[in-house]
Amino acid sequence: MKNYEFNSIDSFLQTISNGVSVVYCCTSWSSACHSNYKTMILLTFVYEERAALFQADMARFPDLGEYLAIQSVPTTVIFVDGVEVKRFI
């Protein structure tokens, strides 16, 4: 899983614009995020050929959390060609 530092909404949208992208929205202080992190690492190995997996720290980039309307962490959002298709809270 790429721990990608999205520095703007535009860079985020460009990153997820092609193919399947899985974005794991979390924070460093959340115990639930730490618990789910191992599962996300496993998914990285299983789906690395079919999807790009990213971790996005909502504390470091709150604008992304607001843009995606993240109301709780962890939240995993799946995009296909830049369009949200599924959300897991």
Side-chain angles (χ1 to χ4, degrees):
M1 180 166 44
K2 300 172 188 171
N3 193 4
Y4 191 81
E5 290 292 326
F6 300 107
N7 55 11
S8 70
I9 299 295
D10 288 337
S11 70
F12 170 75
L13 293 174
Q14 183 176 357
T15 302
I16 66 163
S17 65
N18 293 316
V20 178
S21 300
V22 179
V23 181
Y24 180 59
C25 302
C26 61
T27 61
S28 59
W29 49 261
S30 169
S31 60
C33 289
H34 289 281
S35 296
N36 288 348
Y37 185 74
K38 292 176 186 177
T39 303
M40 295 307 295
I41 293 297
L42 279 171
L43 288 175
T44 300
F45 290 113
V46 172
Y47 292 104
E48 68 184 335
E49 299 293 322
R50 295 179 269 174
L53 283 87
F54 301 97
Q55 178 178 336
D57 189 329
M58 298 294 97
R60 288 187 175 183
F61 191 25
D63 290 347
L64 180 60
E66 187 176 322
Y67 177 80
L68 294 175
I70 302 299
Q71 296 180 355
S72 64
V73 290
T75 296
T76 303
V77 186
I78 301 173
F79 296 90
V80 176
D81 296 330
V83 177
E84 181 178 333
V85 295
K86 187 74 175 170
R87 182 177 290 232
F88 301 94
I89 300 172

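Scope of the values below: all heavy atoms of this structure, side chains included, with no hydrogens, waters or symmetry mates. The first residue of the sequence shown is numbered 1, and numbering continues consecutively from there.
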Can you check side-chain contact (heavy atoms from CB on, under 4.5 Å) on D57 and S28, steps first, answer last?
CA-CA 7 Å; D57 189 329; S28 59; 4.2 Å; yes
If you apply the rule side-chain contact (heavy atoms from CB on, under 4.5 Å), what do you find for L53 with M40, and how did you get there?
CA-CA 8 Å; L53 283 87; M40 295 307 295; 4.1 Å; yes
Start with the C-alpha gap between V22 and Y47, add the side-chain angles, then the distance that decides, and say whether side-chain contact (heavy atoms from CB on, under 4.5 Å) holds.
CA-CA 10 Å; V22 179; Y47 292 104; over 6 Å; no
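Closest approach of C26 to C33, counting heavy atoms only: CB-SG, 3.1 Å. The shortest heavy-atom contact between T27 and A59 is CG2-N, 4.0 Å. Scanning all heavy atoms of the two residues, the minimum distance from Y24 to A32 falls at OH-O, 4.2 Å.
In the hydrophobic cluster analysis, where Ile, Leu, Val, Met, Phe, Trp and Tyr join through side-chain heavy atoms closer than 4.5 angstrom, I70 is grouped together with L13. F54 and V83 are members of different hydrophobic clusters when ILVMFWY side chains are connected at heavy-atom separations under 4.5 Å. No single ILVMFWY cluster, assembled from side-chain heavy atoms under 4.5 Å apart, contains both V20 and L42. Side-chain heavy atoms closer than 4.5 Å link hydrophobic residues (I, L, V, M, F, W, Y) into clusters, and following such links, possibly through other members, connects V23 to I9. Both F88 and V46 belong to a common hydrophobic cluster when Ile, Leu, Val, Met, Phe, Trp and Tyr are linked at side-chain heavy-atom distances under 4.5 angstrom.
Considering NZ of K38 and CG of L43, their distance stands at 14.5 Å, rounded to 0.5 Å. Taking OH from Y37 and OG from S30, the interatomic distance works out to 14.0 Å, rounded to the nearest 0.5 Å.
Classified by interplanar angle (parallel below 30°, tilted 30° to 60°, perpendicular above 60°), the ring pair F12/F79 is perpendicular.
E66 meets the salt bridge (charged side-chain N to carboxylate O under 4.0 Å, His left out) test with no other residue; sequence neighbours excluded.
Residue pairs meeting the side-chain hydrogen bond (donor to acceptor under 3.5 Å, both in side chains) criterion with at least one member in residues 71-83: none, sequence neighbours excluded.
Open room surrounds CD on Q14; 12 or fewer heavy atoms of other groups in view lie less than 6.0 Å from it.
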